[in-house]
Amino acid sequence: MKRIVAKLVQDALTTLPELAEAAADLSIQNTVERTRDASHGDFASNIAMRLAKPTRRNPREIATSIVEALGDSPTVDKVEIAGPGFINFHLSPTAFHAELESILEQGEQYGRQAPKDGPKINLEFVSANPTGPLHVGHGRGASYGATVGNLLEAVGYPVHREYYVNDAGRQMDILGASVWLRWLEASGVEVPFPKGGYRGDYIRDIASEIDTSGIEAVTAEVVTNGLPDNTDDNKDEFVDALVARCKELHGEEGFDRIRQQALESIRDEIREDLEEFGVHFDEWFSEQSLTKTNRVDDALAVLEERGVLYEKGGATWFPSTQFGDDKDRVVVRDNGVKTYFASDIAYHFDKRERGFDHLIDVLGADHHGYVTRVRAGLEAMGYEAGDLEVQFVQFVTLYRSGKRVQMGTRSGQFDTLRQLREEVGNDAARFYYVMRSIDQHLDFDLDVAKSQSSDNPVYYIQYAHARIASVFRQLSEKSLSWDEDNGRDRLALLVEDQEKSLMTSLSRYPEILELSANNRAPQHLVHYLRDLANDFHTYYNAHAFIVDDAALRDARLYLISATRVVIANGLGILGVSAPEVSTGSLDAVRFGNRAVRGVCRLYQRSRTGCRGVRPGAATSQPAERTRRQ
RNA sequence: GUCCUCGUAGCUCAGUCGGAUAGAGCGACGGAUUCCUAAUCCGUAGGCCGCAGGUUCGAAUCCUGCCGAGGACGCCA
């Protein structure tokens with residue numbers, strides 16, 4: 001709809017050469033915006049004000065020229081010049097009627113744009129280390145990434161969703177050793193558990209499940225003989241010594257079997273957790289594979305070829321300071337081991353080489369420092385700095401009964417994403433995680449997320465959807481039916497204020513999708529859906545839909561059908577279900593509000609559905625790094 | 001110390017590219033149900049947009065400094 005207005009302005013400009021020239025580097029579409037106040041019409045353009053300076057003319061005078069040059073359009077009823085030089089467009093009712101028709105014709109496709117050829121986007125998110133279950137912080141990255149993926153796809157970009165599995169390096173060794181020790185423990189071998197090891201109960205579960213055939217049991221004495229002390233001061237040495245001891249006793253191959261099984265077990269668990277959460281990936285990219293296919297060497301070779309690497313103190317350095325970093329970084333240590341940074345450069349290099357034009361990384365806020373150097377790596381290899389976009393997700397804090405819920409394996413009962421999902425349900429979790437800008441720390445209030453009252457925007461929106469479905473069920477019960485064609489032909493009967501605001505809100509949906517996608521900002525969609533639901537509820541309370549006058553009834557049903565489509569589409573992007581029924585109605589009548597809440601909770605719990613959702617997100621938990629650990 | 005993010009109503013937060021009178025929800029207070037779901041709606045109160053400068057027709061928005069909160073700064077991963 002906005003495009004129509006922008007086109008009118010554009011066309012007018014072509015008849016005004018001197019203004020068109022001044023507006024050459026201006027996006028006309030960007031000068032057109034929705035008005036805040038209905039008395040200003042439906043759309044306003046500030047183009048005259050923006051052209052005032054370059055043309056040295058009075059903005060109102062420019063506006064007058066443009067308005068006079070505007071062609072006639074059935075879309076526009078009235079054009080006015082207001083304030084310092086705004087051009088206000090009052091659209092005709094038929095413009096909104098046409099939009100309603102589009103909604104019902106296009107259904108699930110409404111608001112979406114035709115697929116574009118590019119740029120091809122690689123969206124990496126979550127990428128939590130496979131050393132334990134996803135925690136609450138990861139949920140935010142997962143929801144955010146999944147929603148942004150849906151948004152980008154909705155506006156036409158080809159999106160590839162990717163999870164980078166950090167399945168190489170020291171942390172995997174520690175994981176392997178942790179499982180090995182728990183396995184020994186389970187068979188009665190008492191060994192001190194390292195302070196630097198993974199202590200969660202899930203390690204014991206893995207230890208009891210893995211196939212250890214061919215791995216011989218050993219005595220505690222053999223394990224601990226000659227090891228350093230297990231104290232806070234040298235926990236690293238102690239863990240490393242245990243890893244080495246395990247390799248000694250069972251061979252590289254034996255250790256690798258334990259490590260690999262542990263990794264796969266955790267990775268599968270993470271994948272299942274995310275699937276249940278409606279978060280899907282096109283690719284689980286293994287860091288190990290990077291080494292196996294020599295991609296790290298390839299990347300280093302490219303840098304070498306370009307002559308950017310240098311040697312110092314036996315190590316190979318990358319001069320990231322040349323690209324704005326505060327210090328140069330080592331890529332190959334003096335002991336010949338490549339650093340994690342080298343893998344990261346290689347990974348991003350590989351993404352570009354795989355044909356993705358634009359890379360988006362969704363990372364926890366604790367990874368700020370790391371971006372400059374990875375971007376520097378890409379630049380040094382001849383890519384544009386802008387090819388890599390990083391979205392940082394701030395941390396999540398849980399609240400219950402107004403008090404902060406302590407998280408962390410040691411102190412907390414509440415730690416994992418799975419627990420959170422089980423407590424508040426997938427819909428509420430998905431919704432709450434993206435409700436706020438990712439730049440903001442998220443205070444996740446468990447009481448509100450669980451509540452079935454109007455305090456909770458998820459239910460508020462879902463209820464609007466269910467209510468519409470309910471109206472149509474009522475219609476059948478009254479042995480009436482909806483004549484869609486008649487409704488479309490009689491849309492002119494929709495003249496109430498609430499009907500007009502609802503139509504206006506509906507017509508904004510495509511613009512909201514574009515805004516949300518371009519800014520990687522799902523919260524715009526969330527707020528929009530809340531407002532849309534509010535418009536609907538207001539309408540519902542003010543006017544009956546199932547009226548005797550068939551023409552009016554059909555027209556009203558047409559309008560609420562369109563509303564149902566847009567709510568369902570929007571919730572689908574968020575990965576939240578759009579229920580047809582809420583089971584609370586009968587009980588609401590019989591027992592009042594309290595009973596309704598109980599019933600609805602059951603209803604909510606039973607739902608895991610996330611319609612039309614694709615992938616999920618990144619991380620954000622203080623205390624602990626979630627990636628690059 | 002250097003860098004990054006943030007600071008808007010009692011609370012939690014929106015605010016697009018610099019636009020017209022600063023926006024929601026919750027909480028508080030007051031109303032609405034013979035009628036398609038009261039999981040709803042309507043109304044009232046509530047603001048030094050952290051502070052101080054600057055840029056201009058116009059600043060919550062852009063720039064500089066300061067104050068405050070959080071985070072990042074390893075031949076770790």
Side-chain angles (χ1 to χ4, degrees), chain A residues 26-27 30-31 33-37 40 44 46 49-50 52-53 58-59 82-86 88 129 166 168-172 174 236 312-317 326-327 329-335 337 339-341 343 364-372 392 394-395 402 435-443 445 448 451-457 459-460 462-464 466-468 470-475 477-478 511 515-516 518-519 521 523-524 526-527 530-531 534 536-542 544-547 582 584-586 588-589 592-593 596-597 600 622 625 627-629:
Chain A
L26 203 62
S27 160
N30 287 347
T31 73
E33 54 184 20
R34 293 271 174 174
T35 57
R36 201 180 308 166
D37 189 330
H40 295 143
N46 62 7
M49 278 124 77
R50 293 171 74 162
K53 194 164 196 179
N58 179 307
F86 288 104
N88 291 338
N129 292 326
N166 289 109
R170 180 166 171 265
Q171 60 178 350
M172 284 296 105
I174 296 174
D236 287 345
K312 192 178 91 182
T316 307
W317 293 72
D326 36 352
K327 61 186 77 165
R329 309 287 168 173
V330 170
V331 285
V332 184
R333 280 191 266 161
D334 57 5
N335 61 8
V337 176
T339 62
Y340 191 89
F341 171 51
S343 303
D366 51 344
H367 289 94
H368 269 304
Y370 136 103
V371 177
T372 313
F392 293 105
Q394 293 293 325
F395 300 147
M435 198 164 69
R436 308 239 158 95
S437 155
I438 51 165
D439 295 333
Q440 293 284 350
H441 289 227
L442 177 65
D443 288 328
D445 189 323
V448 175
S451 79
Q452 270 72 37
S453 67
S454 57
D455 314 359
N456 192 338
Y459 294 108
Y460 182 84
Q462 288 182 320
Y463 178 45
R467 225 177 188 186
I468 295 168
S470 169
V471 169
F472 281 89
R473 283 191 299 272
Q474 283 290 327
L475 190 69
E477 280 172 25
K478 292 181 178 170
E511 293 155 32
L515 175 73
S516 303
N518 289 344
N519 293 294
Q523 79 272 12
H524 291 305
V526 169
H527 288 121
R530 213 265 158 210
D531 289 345
N534 182 38
F536 169 74
H537 287 307
T538 300
Y539 181 31
Y540 184 99
N541 275 53
F545 309 145
I546 304 177
V547 291
S582 60
S585 55
L586 272 181
V589 175
N593 222 24
V596 174
R597 293 183 182 203
C600 286
R625 295 210 184 171
R627 178 191 163 155
R628 270 103 224 198
Q629 187 139 277

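Below, chain A is the first sequence line, B the second, and so on; all start at residue 1. All values reported here derive from a predicted model rather than from experimental measurement.
- Side-chain proximity of A:His524 to the nucleotides B:C36, B:A14, B:G74 is greatest for B:A14.
- Stacking of A:Arg467 on the aromatic ring of A:Tyr540 is recorded, both the 6.0 Å distance cut-off and the 45° axial limit being met.
- Taking atom CG of A:Asn541 as the reference point, atom P of B:A32 lies 14 Å away to the nearest angstrom.
- The separation of B:G47 from B:A24, taken at their P atoms, amounts to 15 Å, rounded to a whole angstrom.
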Check nucleotides 4-6 of chain B for protein N or O atoms closer than 3.5 Å to its own N or O atoms and list the pairs.
| from | atom 1 | to | atom 2 | distance (Å) |
| --- | --- | --- | --- | --- |
| B:C4 | O2' | A:His368 | ND1 | 2.9 |
| B:C4 | O2' | A:His368 | NE2 | 3.0 |
| B:U5 | O2' | A:Asp439 | O | 3.4 |
| B:C6 | OP1 | A:Asp439 | OD2 | 3.4 |

Expected output check: what is the dot-bracket annotation of RNA chain B, where ( ) and [ ] are pairs inside the strand (brackets for crossing ones), | is paired with another strand, and pairs are Watson-Crick or G-U under 3.5 Å?
(((((((..((((.....[...)))).(((((.......))))).....(((((..]....))))))))))))....
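- Nucleotides B:G18 and B:A59 have their C1' atoms positioned 6 Å apart, rounded to a whole Å.
- Considering only side-chain atoms of A:Arg333, the nucleotide from B:C13, B:C73, B:C76 that sits closest is B:C76.
- Minimum atom distance to the side chain of A:His527 is reached by B:A14, of the listed B:C73, B:A14, B:U40.
- Proximity note for A:Lys327 (side chain, C-beta onward) versus B:G74, B:C75, B:A14: the nearest is B:G74.
- Base contact: A:Gly313 has a heavy atom under 4.0 Å from a base atom.
- The aromatic rings of A:Tyr539 and A:Phe545 sit tilted relative to each other, their planes meeting at an angle between 30° and 60°.
- As a whole-Å value, the separation of A:Tyr340 OH from B:C75 P is 17 Å.
- Applying the ring pair (Phe, Tyr, Trp, His ring centres under 6.0 Å) criterion to A:His527, with sequence neighbours excluded, gives no partner residue.
- In this structure, the OH atom of A:Tyr540 is 15 Å from the C1' atom of B:A32, given to the nearest Å.
- A:Asp236 CG to A:Ile174 CD1: the interatomic distance, rounded to the nearest 0.5 Å, is 7.0 Å.
- Comparing A:His537 and A:Ser470 against RNA chain B, the residue whose closest nucleotide sits nearer the 5' end is A:Ser470.
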Decide yes or no on side-chain contact (heavy atoms from CB on, under 4.5 Å) for A:Ile438 and A:Phe392, but give the supporting numbers first.
CA-CA 7 Å; A:Ile438 51 165; A:Phe392 293 105; 5.8 Å; no
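- Looking at residues two or more places apart in sequence or on another chain, you find no side-chain hydrogen bond (donor to acceptor under 3.5 Å, both in side chains) involving A:His524.
- Across the interface with RNA chain B, nearest-nucleotide mapping of A:Val337 and A:Tyr539 shows A:Tyr539 to be the residue nearer the 5′ end.
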Letter by letter from the 5' end, nucleotides 17-22 of chain B scores (B base, S sugar-phosphate only, - none; protein heavy atoms under 4.0 Å) B-BBBS
Polar atoms only, N or O, under 3.5 Å: list the protein pairs with nucleotides 42-46 of chain B and their distances.
| from | atom 1 | to | atom 2 | distance (Å) |
| --- | --- | --- | --- | --- |
| B:C42 | OP1 | A:Thr538 | OG1 | 2.9 |

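- Rounding to whole angstrom units, OH of residue A:Tyr370 and C1' of B:G71 are separated by 17 Å.
- Minimum atom distance to the side chain of A:Ile546 is reached by B:C36, of the listed B:C36, B:A39, B:G71.
- In this structure, CD of A:Gln523 is placed 18 Å from P of B:U12, rounded to the nearest angstrom.
- Of all nucleotides listed (B:A14, B:U16, B:G71), B:A14 comes nearest to the side chain of A:Arg436.
- At whole-Å resolution of the value, CG in A:Asp443 and C1' in B:C13 are 10 Å apart.
- Considering only side-chain atoms of A:Asp334, the nucleotide from B:C75, B:G15, B:U40 that sits closest is B:C75.
- Which of B:C75, B:A14, B:C73 sits closest to the side chain of A:Ala315 comes down to B:C75.
- With rounding to whole Å, A:Asp531 atom CG is found 13 Å from B:G15 atom P.
- Atom P of nucleotide B:A69 and atom CG of A:Leu442 are separated by 21 Å, given to the nearest angstrom.
- Residue contacts shown for A:Ser437 are limited to sugar-phosphate atoms, with no base heavy atom under 4.0 Å away.
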